[in-house]
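Okay, structure first, notes after.
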Amino acid sequence: MENSEFAKIFFEIAELLELKGENVFKMRAYQKAARNVENLPKSLEEIYKSGGIKALKEVPGIGESIAEHIEEIIKTGTFKKYKELLKEFPKDFVKLIEVPGIGPKTAIMLLKELKIDSMKKLEAAVKAGKLRELPGMGAKKEENIQKGIELKKKAHGRFLLPEAITYADIVVKALKKLKEVDQIVPAGSLRRWQETIGDIDILITSKKPEKIMRAFTTLPQVARVLSKGPTRSSVVMKNGMQADVRVMDPKSFGAALHYFTGNKQHNIQIREMAIKKGLKVSEYGIFRGSKQIGGKEEIDVFKSVGLPYIPPELRQGTDEIDCAKKGKLPELIELKDIRGDLQMHSKWSDGNNTIEEMAEYAKKLGYEYIAMTDHSKAVRVARGMNEKEVIKQIKEIDKINGKIKGIKVIKGIEVDILADGSLDLPDSILKELDVVVAAVHSRFKMPKAEMTKRIISAFNNKYVNLLSHPTGRVIGKRDPYEVDMEEIIKAAKDTGTYMEINAYPERLDLNDVHARMAKESGVLLSIDTDSHVDNQMDNIKYGVGTARRGWIEKKDVINTNPLEKLLKLLYAKR
DNA sequence: GCCGTTTTCGGCCCGACTGTTTTCAGTCG
């Protein structure tokens, strides 16, 4: 079973325990375990296979009893306590707490008093005005729940990073005009470069919060105000995205930025460390007793608990604090380290621009090289190239390289890995190219073992350099195909094949967790945009963001090398 | 349920906002 599936079960248990009114710390323990499992760069099954319960307990957040649950899941597919918990509530009842405004207490009251156990019954009861009659409820709360239901229906879940960034920019630009605004900076999951964003969080420092709040809640993009206070306000924007603004005094900026960046688990861990040192860390600062001893700068928070600065992308509440303590934080790759882009398409297949146009754009980005990797013939919809066209394109690229100055176009192909694991073009063609990117574009629904074998057999071809978008996912649209990622990574290592972080925002594939797995196995990566239009090369920042979340360093990425070194790496397998 | 350079038991982050309350519970981040 995949780690994400274990995580899902533990998250669900946390919800059920919360509804049951169990000890909140027990609930939180399951949440913590779930989150750590989700971000674990090694599969639980592997860990269990190699060291049993004892090895499982080494994972932060997993103790005796959760380790036993994991063992039971591995052996039987589920576990007893989980099945029992599920039986305690009606099947669709858990969904009620997903409605903004309904928490566990309200949900249980609704079940007990009004026999509401589904969204349908909830809607009917709201319409009939029955909620307002319950103790502690009133007309206003009923109305808020109704709005919450509408919001839940409309909100299509999470947003891709670029859309969230666009909206954050709108708010930032609009509020920056106010003279009362001192500093203004987006925080939250956006600052951590998470692949999808639930809401945007913006931190402002100012001595006059009221005016800022008025301006924020009356922006033309605001559809509804959820709450409005002197220091914090929440709104729903017209695209359905929630936005929170927090206004703080400048002397609290650093502590507030840390708090507002999260994630939650990370913050809790930092605050626990502070307590042990006799300090209190909150968004207002670092305090000894009632005296503020720091918090103007973000680094103060880390210093106060004896840690080096931890970059936002690493703040996932997993093992970053442990590693920071031991001085084992990575030196994360930066955007400026990228020297070229190794996957893109031109008019020769399904791209919008000519090779020259792509090269010119890359030059503007300061790149030393790009690789043209148009599709191969199997991808009919993308007008993939056959043998003759590849040879023709090679000659064309030679011509362009003779003409254009300051950048080198590397000859490449994105060759299809066919269903039987063979490649779409013969070796006699592949050997004429400098970089061969292999990818799966068909038969996504293959059984896991077969798909894994299919991909690995492509690695055994000595011309194949790079596996592109290794899981094929399209966020929110297409699930990843089933592959055994650990085996793929192992095979990549054994054959000297590289793996891609595809920077296309809907892909981000490898994702952060897989990227870290690859790194820890010693597999080198390439961060590419897979551009089909010249300006899509700007997407490289999302790939770098994902890489940073995956603890990737400059030395782990082949396209941080100068051209000559890169070519050596590309020819190393032949 | 987890965890331990104060602890193997007794802790477990901290604060804002709302709506319903007469001083706070519930929800959220």
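Protein chains get the first letters and strands the later ones, always in sequence-line order, with residue 1 at the start of each.
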Would you measure the distance from the [atom1] atom in [N] across to the matching atom in [M] and give it in whole Å?
| N | M | atom1 | result |
| --- | --- | --- | --- |
| B:dT27 | B:dT21 | P | 15 Å |
| B:dT20 | B:dG26 | P | 14 Å |
| B:dG15 | B:dT8 | P | 28 Å |
| B:dT18 | B:dC13 | P | 25 Å |
| B:dA16 | B:dG11 | C1' | 25 Å |
| B:dT6 | B:dC2 | P | 23 Å |

Exercise: identify the closest heavy-atom pair between A:Gly240 and A:Phe159:
C-CZ, 3.9 Å

Please state how far atom [atom1] in [X] lies from atom [atom2] in [N], giving the value in whole angstrom units.
| X | N | atom1 | atom2 | result |
| --- | --- | --- | --- | --- |
| A:Asn267 | B:dG29 | CG | P | 14 Å |
| A:Glu272 | B:dG4 | CD | P | 10 Å |
| A:Lys141 | B:dC17 | NZ | P | 17 Å |
| A:Ile275 | B:dG10 | CD1 | C1' | 14 Å |
| A:Met27 | B:dT27 | CE | C1' | 12 Å |
| A:Ile13 | B:dG1 | CD1 | P | 10 Å |
| A:Asp322 | B:dG4 | CG | P | 9 Å |
| A:Gln242 | B:dA16 | CD | C1' | 14 Å |

Sugar-phosphate, base or nothing in reach of [X], heavy atoms under 4.0 Å:
| X | result |
| --- | --- |
| A:Gly101 | sugar-phosphate |
| A:Met137 | sugar-phosphate |
| A:Asn23 | base |
| A:Val281 | sugar-phosphate |
| A:Lys81 | sugar-phosphate |
| A:Lys140 | sugar-phosphate |
| A:Val99 | sugar-phosphate |
| A:Lys276 | base |
| A:Ile270 | nothing |
| A:Ala187 | nothing |
| A:Glu68 | nothing |
| A:Lys32 | nothing |
| A:Gln269 | nothing |

Side chain to side chain contact (heavy atoms under 4.5 Å, CB included) evaluation trace for A:Glu283 with A:Leu257
CA-CA 8 Å; A:Glu283 59 264 49; A:Leu257 182 59; over 6 Å; no

Less than 4.0 angstrom between a side-chain N/O of A:Ser65 and OP1 or OP2 of B:dC2, yes or no?
yes

side-chain N/O A:Thr231 vs B:dC17 OP1/OP2, d < 4.0 Å
yes

With no hydrogens and no angle check, just 3.5 Å: does a side-chain donor-acceptor pair link A:Gln242 and A:Asp244?
yes

Donor on one side chain, acceptor on other, A:Asn511 and A:Glu195, under 3.5 Å
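No, no side-chain donor-acceptor contact under 3.5 Å.
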
Point-to-point distance, once rounded to the nearest 0.5 Å, from CG of A:Leu86 to CD1 of A:Ile9
9.0 Å

Nearest of [options] to any side-chain atom of [X]?
| X | options | result |
| --- | --- | --- |
| A:Ile268 | B:dG1, B:dC13, B:dT27 | B:dC13 |
| A:Lys280 | B:dC14, B:dG29, B:dT18 | B:dC14 |
| A:Asp199 | B:dC12, B:dG29, B:dG19 | B:dG29 |
| A:Arg232 | B:dG29, B:dC13, B:dG19 | B:dG29 |
| A:Thr106 | B:dC2, B:dG26, B:dC13 | B:dG26 |
| A:Phe25 | B:dA16, B:dC12, B:dC2 | B:dC12 |
| A:Tyr30 | B:dC17, B:dG19, B:dG1 | B:dG1 |

If you take atom types as modelled and just measure distance, does the side chain of A:Tyr259 reach the base of B:dG15 with a donor-acceptor pair under 3.5 Å?
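No such pair is found, so the answer is no.
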
Looking at A:Phe287, does the NZ or CZ of A:Lys280 lie under 6.0 angstrom from its six-membered ring centre and within 45 degrees of the ring axis?
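So A:Lys280 does make the cation-pi contact.
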
Cation-pi check for A:Tyr542 against A:Arg549: NZ or CZ below 6.0 Å from the six-membered ring centre and within 45 degrees of the axis, yes or no?
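Checked: cation-pi criterion not met.
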
Is the gap between the ring centers of A:Phe302 and A:His258 under 6.0 Å?
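Distance test on ring centres: under 6.0 Å, yes.
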
Select from A:Lys228 and A:Pro100 the residue whose nearest nucleotide in DNA chain B is closer to the 5' end of that strand.
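Going by which nucleotide is closer to the 5' end, it is A:Lys228.
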
Residue whose closest nucleotide on DNA chain B lies nearer the 5' end, A:Pro60 versus A:Lys105:
A:Pro60

Return the pairing partner of B:dG15 with a 3.5 Å limit on both distances, Watson-Crick or G-U wobble; otherwise return none.
B:dC28

What pairs of donor and acceptor atoms, side-chain ones from residues 87-96 of chain A against any protein atom, are under 3.5 angstrom apart with sequence neighbours left out?
residue : atom : partner : partner atom : Å
A:Glu88 : OE2  : A:Lys20 : NZ           : 3.3

In B:dT5, glycosidic geometry as syn within 90° of 0 or anti otherwise
anti

